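Just so it is clear, the structure is predicted and the values come from calculations on it, not from any experiment.
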Amino acid sequence: MSQAAGAEEDGQPLHVASRLHAFNRFELKYLVPVEEAAEIRDELGERMDRDLNSPVGGYGVWSLYYDTPQLRFYWEKIEGLKFRRKLRIRHYGDLDTVTDDSPVCVEIKQRVNRVTQKRRITLPYGVARRLCDGREMVDHSVKESAFIQEVLDLIVRLNLQPAAITGYQREALVGRDADTGLRVTFDRRVRGRDRDFHFGTSTPENRFTIPPHMSVMEIKVNERTPHWITDLAARRNLNLVRISKYVQSVEAFGLAPRSVFHINEADCPPPPSPIEQQPHTLLKAGAQ
């Protein structure tokens, strides 16, 4: 999750990895039933590889989002501003083992026109909380100074506070050969909470913010989407959706009115249970 750094001016040896990482991407999102998502994942597996950090069954992704008391970042998303950003702390893995020493990412995610940009630094959880909640300057290298200063400026100047936590189980595939910039993720069991913002809370009150039988499929590319991916989406009648897990959590807990980004459960009815299917099956058998 970090890139190599050759920063002798930072007083670090050339072989030491930097904690700072940045990248740009185009992102396409689809909402698909979990069972169909598994079929698509298997089909993609013929031309893509499983991410080395993605075990069978996926891994947990938990994010604590910060916003102003007036939910400025939320409203910037709703209004579709061409330049907007969010601040979050993100943890990869289970929460039951989180301590102050656990590595987390303090991340600024921003949108510039259609391009998604992410800049983040990996810090121990306790240090990240001192920075974002305690509004303290933390130890950093010269190379990391500009980013740390930007985070602290955002928090202090905009009076940012914890607003919502989101969590989900993610499976990730990466492109091979000519598609090395391609990444496809499947996020299921998307849930969250609007309180108990410490990752280590023993009995968190999470609830599903997207129907549990639905999965968020996301295609991420550096430049353009491979034609065989768009063909797959067309063949399966996948429709692009405007969805934000943070916005979904804000609206699911009544912190703001529902918007065009909100996924209504009525629009995503669960598949019929075997018992519900049985009368139709018996009728069909009787007709035969």
Self-check item: Residues L160, F73; criterion side-chain contact (heavy atoms from CB on, under 4.5 Å); working and verdict
Solution: CA-CA 10 Å; L160 299 186; F73 296 158; 3.9 Å; yes

Quiz prompt | Verdict with reasoning, R50 to E171, per salt bridge (Lys or Arg N to Asp or Glu O under 4.0 Å) | solution = CA-CA 8 Å; R50 183 178 293 276; E171 292 184 271; 3.6 Å; yes

Exercise. Kindly determine whether H213 and F208 satisfy ring-ring contact (aromatic ring centres under 6.0 Å, His included), including the steps that lead there.
Key: CA-CA 10 Å; H213 62 279; F208 288 109; 10.0 Å; no

Exercise. Give the C-alpha distance, both sets of side-chain angles, the deciding distance and a yes or no for salt bridge (Lys or Arg N to Asp or Glu O under 4.0 Å) between R236 and E43.
Key: CA-CA 12 Å; R236 288 186 170 270; E43 184 175 345; 3.4 Å; yes

Exercise. Starting from the C-alpha separation in whole Å, work towards a yes-or-no answer on salt bridge (Lys or Arg N to Asp or Glu O under 4.0 Å) for R85 and E150.
Key: CA-CA 12 Å; R85 54 188 169 179; E150 182 179 357; 3.0 Å; yes

Quiz item: Can you check side-chain contact (heavy atoms from CB on, under 4.5 Å) on V61 and D187, steps first, answer last?
Solution: CA-CA 9 Å; V61 181; D187 299 336; 5.9 Å; no

Exercise. With side-chain contact (heavy atoms from CB on, under 4.5 Å) as the test, would you mind laying out the steps for I78 and E251 before giving the verdict?
Key: CA-CA 11 Å; I78 298 302; E251 296 177 357; 3.9 Å; yes

Exercise. Check the pair L31, I210 against side-chain contact (heavy atoms from CB on, under 4.5 Å), reporting the backbone distance first and the verdict last.
Key: CA-CA 10 Å; L31 195 64; I210 290 177; 4.2 Å; yes

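Residues I165 and Y65 are not in side-chain contact: their nearest non-hydrogen atoms beyond the backbone lie 4.5 Å or more apart. Side-chain contact check for K118 versus E107: some heavy-atom pair is nearer than 4.5 Å. When side chains are defined from C-beta on, I40 counts as touching M217, because their heavy atoms get closer than 4.5 Å. The shortest distance between side-chain heavy atoms of I155 and C132 falls below 4.5 Å. For the pair T122 and V106, the minimum side-chain heavy-atom distance is 4.5 Å or more. Side-chain contact between L158 and Y66 is absent, with no heavy-atom pair separated by less than 4.5 Å. You'll find the side chain of K77 stays beyond 4.5 Å of the side chain of R111, heavy atoms only. Put simply, the side chain of R195 does not reach to within 4.5 Å of the side chain of F253, judged on heavy atoms.
Between A256 and L71 the shortest heavy-atom distance is CB-CD1, 4.2 Å. Shortest non-hydrogen contact noted between P226 and D179 is CG-OD1, 3.6 Å. Closest approach of G93 and W62 over heavy atoms only: O-CD1, 3.5 Å. Closest of all the heavy-atom pairs between A37 and F186 is O-CE2, 3.7 Å. Contact between Y74 and P257 at its shortest, heavy atoms only, is OH-O, 2.9 Å. Closest approach of P69 and N159 over heavy atoms only: CD-O, 3.5 Å.
We find that R193 and E205 are not joined by a salt bridge, their nearest charged nitrogen and carboxylate oxygen being 4.0 Å or further apart. Using a cut-off of 4.0 Å between Lys/Arg side-chain N and Asp/Glu carboxylate O, D51 and R183 are scored as salt-bridged.
Within a 6.0 Å sphere centred on CG of D231, other residues, nucleotides and ligands contribute more than 12 heavy atoms. When the shell of 6.0 Å around CZ of R84 is examined, it contains more than 12 heavy atoms from other residues, nucleotides or ligands. Counting heavy atoms of neighbouring residues, nucleotides and ligands inside a 6.0 Å radius, atom CZ of R224 does not exceed 12 of them. Within 6.0 Å of the CZ atom in R114, the count of heavy atoms belonging to other residues, nucleotides or ligands does not exceed 12. No more than 12 heavy atoms of other residues, nucleotides or ligands lie within 6.0 Å of CD in E223, so this atom counts as exposed by the packing criterion.
For the atom pair CG of D153 and CZ of R135, the computed distance is 11.5 Å after rounding to the nearest 0.5 Å. Between the CD atom of E39 and the CG atom of D42 there is a distance of 8.0 Å, given to the nearest 0.5 Å. Rounding to the nearest 0.5 Å places CG of L28 at 11.0 Å from CG of L238. In this structure, OG in S215 is found 9.5 Å from CZ in R41, a value given to the nearest 0.5 Å. Going from atom CG of L44 over to atom CG of L232 covers 5.5 Å, rounded to the nearest 0.5 Å. For the atom pair L182 CG and D177 CG, the distance stands at 12.0 Å (nearest 0.5 Å).
The closest donor-acceptor contact from the side chain of R191 to the backbone of R189 lies under 3.5 Å. Using a distance-only test at 3.5 Å, with no hydrogens or angles considered, a donor-acceptor pair links the side chain of Q248 to the main chain of I263. Between the side chain of E76 and the main chain of L81, no donor-acceptor pair closer than 3.5 Å is present. A distance-only check finds no donor-acceptor pair linking the side chain of D101 to the backbone of Y125 [under 3.5 Å]. Remark: side-chain polar atoms of T68 are paired, donor with acceptor, to backbone N or O of Q70 under 3.5 angstrom.
Between Y59 and Y92, the angle of the ring planes lies from 30° to 60°, which puts this pair in the tilted group. Relative ring orientation between H91 and F199 is described as tilted, the plane-to-plane angle lying within the 30° to 60° band.
Taken together through direct or relayed side-chain contacts under 4.5 Å among Ile, Leu, Val, Met, Phe, Trp and Tyr, V221 and V115 form part of one hydrophobic cluster. Using a 4.5 Å cut-off between side-chain heavy atoms of Ile, Leu, Val, Met, Phe, Trp and Tyr, with links allowed through other members, V216 and V174 fall into different hydrophobic clusters. Put simply, V184 and V34 are part of two different groups of oily side chains (I, L, V, M, F, W, Y) that touch within less than 4.5 Å, one to the next. Hydrophobic clustering places V241 together with M214 (ILVMFWY residues linked when any side-chain heavy atoms are closer than 4.5 Å, directly or through intermediates). Under a hydrophobic clustering in which Ile, Leu, Val, Met, Phe, Trp and Tyr are joined whenever their side-chain heavy atoms come within less than 4.5 Å, directly or via other members, I108 and I89 fall into the same cluster.
A side-chain N or O of R90 and one of S63 form a donor-acceptor pair less than 3.5 Å apart. Using modelled atom types and a 3.5 Å distance limit, the side chains of R19 and H140 yield no donor-acceptor pair. There is a side-chain donor-acceptor pair under 3.5 Å between Q110 and R119.
Taking the centre and axis of the six-membered ring of Y168, the NZ or CZ atom of K245 falls inside the cone set by 45° and 6.0 Å. The cationic atom of R47 (NZ for Lys, CZ for Arg) lies less than 6.0 Å from the six-membered ring centre of W228 and within 45° of the ring axis. A cation-pi geometry, defined here as NZ or CZ lying under 6.0 Å from the six-membered ring centre and within 45° of its normal, does not hold between R120 and F147.
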